[in-house]
Amino acid sequence: MIELEGLTKRYGEKVAVDRLTFTVRPGIVTGFLGPNGAGKSTTMRMILGLDRPTAGDVRIDGTHYDRLKDPLTYIGALLEAKGVHPGRSAYHHLLCLAQSNKIPRRRVHEVLDTVGLTAVARKKAKGFSLGMGQRLGIAAALLGDPRILMFDEPVNGLDPEGIHWIRTLMKSLAAQGRTVFVSSHLMSEMALTADHLVVIGQGRLLADTSMAEFIEHNSRSYVRVRSPQRERLLDVLHQAGITAVENGNGSLEVDGSKAEYIGELAARNQLVLHELSSQQASLEEAFMRLTAESVEYHAHSGAPEPRQQWGDDWRRG
Amino acid sequence: MSTPPPPMPQTAAPDWQAAPGAAYPAPGSTHSGYHSPIPVVRTHLGHAIASEWTKIKSVRSTMWTLGVFVLLVVGIGLLTGLVVSGSDPDAGGESPLSLGFFGLLLGGMCVITLGVLTTASEYGTGMIRTTMVACPSRGRVLAAKAVVFFLLAFVVTLVCATLIGFLHVALLEGHNAKEPSGEEWLKGTVGISLYLALLGTLSLAVGSIIRHSAGAITIMIGAVLAPLVIALFMFSSSLQDVQQALFEYSIPNQMSIFYANSLSESGPSGWDPLWIMLVATAAALGGAFALLEKRDV
Ligand SMILES: Nc1ncnc2c1ncn2[C@@H]1O[C@H](COP(=O)(O)OP(=O)(O)O)[C@@H](O)[C@H]1O
Ligand SMILES: [Mg+2]
């Protein structure tokens, strides 16, 4: 179990992680989702005691990381930046880690076997492909047979087979009762692996919910309507008590009504429709909406001025 | 948007239930569900030292720097020995051990390089994060690196210095060279080896502070050479005292004190250089430790 309480990290003026409070529980895969630069890696480094929090606290089973007497049997971590000396062999890399935690040498062979690197164990890490490097990192994370596992964007740059392997691995680790905490900037990836979801944007907590609940709340179905008589269509919908949201490309999105009903409504009012379709918002869209709100919230704090377009600054200047 | 976390789903854990001795944690219990069969041990400095020993011997740069060191110390030692014994029938009562100085001075650069690499290279490769995750006690990591490096540098230097010491004594036999006393032997072997190993450990501390291999090596080589070079160009007589001090306390001159007691009347003599280097190294390690504790990895 990992418990964060008001965890905050500043780099100079920049607030990378902003008062995060949540708990990562055992027995499930917890997805840690956020766009690039949201503060996921920074949070994970603070959990591991690598970066010192500016404020707040993070505990592993009630203890600070640097108080763990056998850290590798508590937590195994795959960090974003590859922490491997390119001139050292996979075997020696794992051996020196094992020795620092008095983990028996046979475990080195076991984990090399688990990740399928036995054949290249004596080869230098600099010759490894991206996938092999990722496997070596995972072998290091599994070395102490830890009860908590943390993976920072583990599928980045992997081929489909490697991605599948990592997904299966994470699920089986969680099924054994371990705590599995995995970050990603892809909603689709999380939807496939995570049981629980923690979403952050600009360092702030945006959602802390079970995956099922997230899907239920966010799999919005709506009707898309497009008409050359857009203004009249809006009036008609308005009179029927239906709110429509304008979509960027000239079509309207209608929540909470069936396509049939809107079609009949249009016919009754002799409106020409160019498009009428039922739509299902993807989770990816839901995630983007969630994080976009956080961006907007930041840009406007208090002042209700129109949203700036990208590039406005330099066009005016 | 935030909703309270749901109760722990305890249905999705078949293996966990089957695991021998694994307690079924109640919701909200402070312990994670999985219990490893690997025995729990309280790790200590010894484990960190074993780990650092594996690290230092499993990269080729260690073999290269130490190989070049042996080549320089023994090669240059052998050459000077042969030249002196071949051309100079009268060594003027000098101790033959002093011929080892040149090789060890140049070899010192290798010791500096290896010392810096022991710490700084981990920052370049990102290995330091892996290291600190495995051993969150940062002081222990630094101590283990210092111990392993110091012992390695000391033993290798001692073997080389002793080897060329015997070589020089043998080569200059019958050339009116002085028979080295016990104290001279001690200073010319153990003394100079301790000094070089400390110089390397100082570099290791600087590497940990600078976190950049090339930068730290440049600083250390500058520290060895700059005082001599600066002193060389101090022509003004008003600066004579400064010039004298720069010369006397420069690292090459301090190294020469291990071979001759009275190079200059004032300044360090006897075993002084060793104590000076010991204090400098301890201070640098203290600074490195304080910064390590304070900074993010
Ligand atoms: N060492 C650092 N110094 C300064 N800024 C940093 C540092 N590490 C991260 N940041 C900044 O903090 C923010 C969060 O970064 P990061 O945790 O890497 O995000 P993520 O992993 O979610 O993509 C980014 O804006 C990044 O530029
Ligand atoms: Mg990241």
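All chains are named by letter (A, B, ...) in the order of the sequence lines, taking the proteins before the strands, and each is independently numbered beginning at 1. Given the structure is predicted, the values throughout are model-derived calculations rather than measurements.
With a 4.5 angstrom heavy-atom cutoff, B:Arg138 touches chain A only via side-chain atoms. Within the 4.5 angstrom heavy-atom criterion, no atom of B:Lys57 approaches chain A. Neither the backbone nor the side chain of A:Arg59 comes within less than 4.5 Å of any heavy atom in chain B. Contact of B:Ser137 with chain A is not made at all, since no heavy-atom distance falls under 4.5 Å. Looking at A:Arg67, neither its backbone nor its side chain comes within 4.5 Å of chain B, counting heavy atoms on both sides. Interface remark: A:Ala81 contributes side-chain atoms only to the contact with chain B (heavy atom separation under 4.5 Å). For a residue to count as touching a neighbouring chain, one of its non-hydrogen atoms must lie under 4.5 Å from one of that chain's; by this rule A:Ile60 does not touch chain B. The part of A:Lys124 that comes within reach of chain B is its side chain, from C-beta onward, which places non-hydrogen atoms under 4.5 angstrom from that chain.
Here the side chain of B:Ser51 pairs no donor or acceptor atom with the backbone of A:Gln99 at under 3.5 angstrom. The backbone N or O of B:Lys294 sits nowhere less than 3.5 Å from a side-chain atom of A:Arg52 that would complete a donor-acceptor pair. Using a distance-only test at 3.5 Å, with no hydrogens or angles considered, a donor-acceptor pair links the side chain of A:Asn101 to the main chain of B:Ala134. Judged by distance alone, the side chain of A:Ser100 and the main-chain N or O of B:Ala48 form no donor-acceptor pair under 3.5 Å. In this structure, the side chain of B:Thr54 does not engage the main chain of A:Cys96 through any donor-acceptor pair within 3.5 Å.
Separating the SG atom in B:Cys135 from the CG atom in A:Leu68 is a distance of 11.5 Å, to the nearest 0.5 Å. The structure places CG of A:Asp66 at 11.5 Å from CE of B:Met132, a figure rounded to the nearest 0.5 Å.
No other option in A:Arg88, A:Lys102, A:Arg45, A:His92 has as many heavy-atom pairs under 4.5 Å with chain B as A:Arg88. Between chain B and the options A:Leu97, A:Thr73, A:Ile75, A:Thr23, the largest number of non-hydrogen pairs under 4.5 Å is found for A:Leu97. Of the listed residues (A:Gly87, A:Pro71, A:Pro146), the greatest number of heavy-atom pairs within a distance under 4.5 Å of chain B belongs to A:Pro71. Here A:Val84 is the residue among A:Val84, A:Leu79, A:Val198 with the most heavy-atom pairs under 4.5 Å with chain B. Of all the listed residues (B:His47, B:Arg60, B:His44), the one sharing the greatest number of non-hydrogen pairs under 4.5 Å with chain A is B:His47.
Between A:Lys9 and B:Asp296, at least one side-chain N (NZ, or NE/NH1/NH2) sits under 4.0 Å from a carboxylate O, which counts as a salt bridge.
A pairwise comparison of heavy atoms in A:Gly83 and B:Met127 identifies O-SD, 3.4 Å as the closest pair.
None of A:Lys126, A:His85, A:Lys82 except one satisfies the side chain to side chain contact (heavy atoms under 4.5 Å, CB included) rule with B:Thr125; the exception is A:His85.
More than 12 heavy atoms of other shown residues, nucleotides or ligands fall within 6.0 angstrom of atom CZ in B:Arg295. Counting heavy atoms of neighbouring residues, nucleotides and ligands inside a 6.0 Å radius, atom CD of A:Glu5 does not exceed 12 of them.
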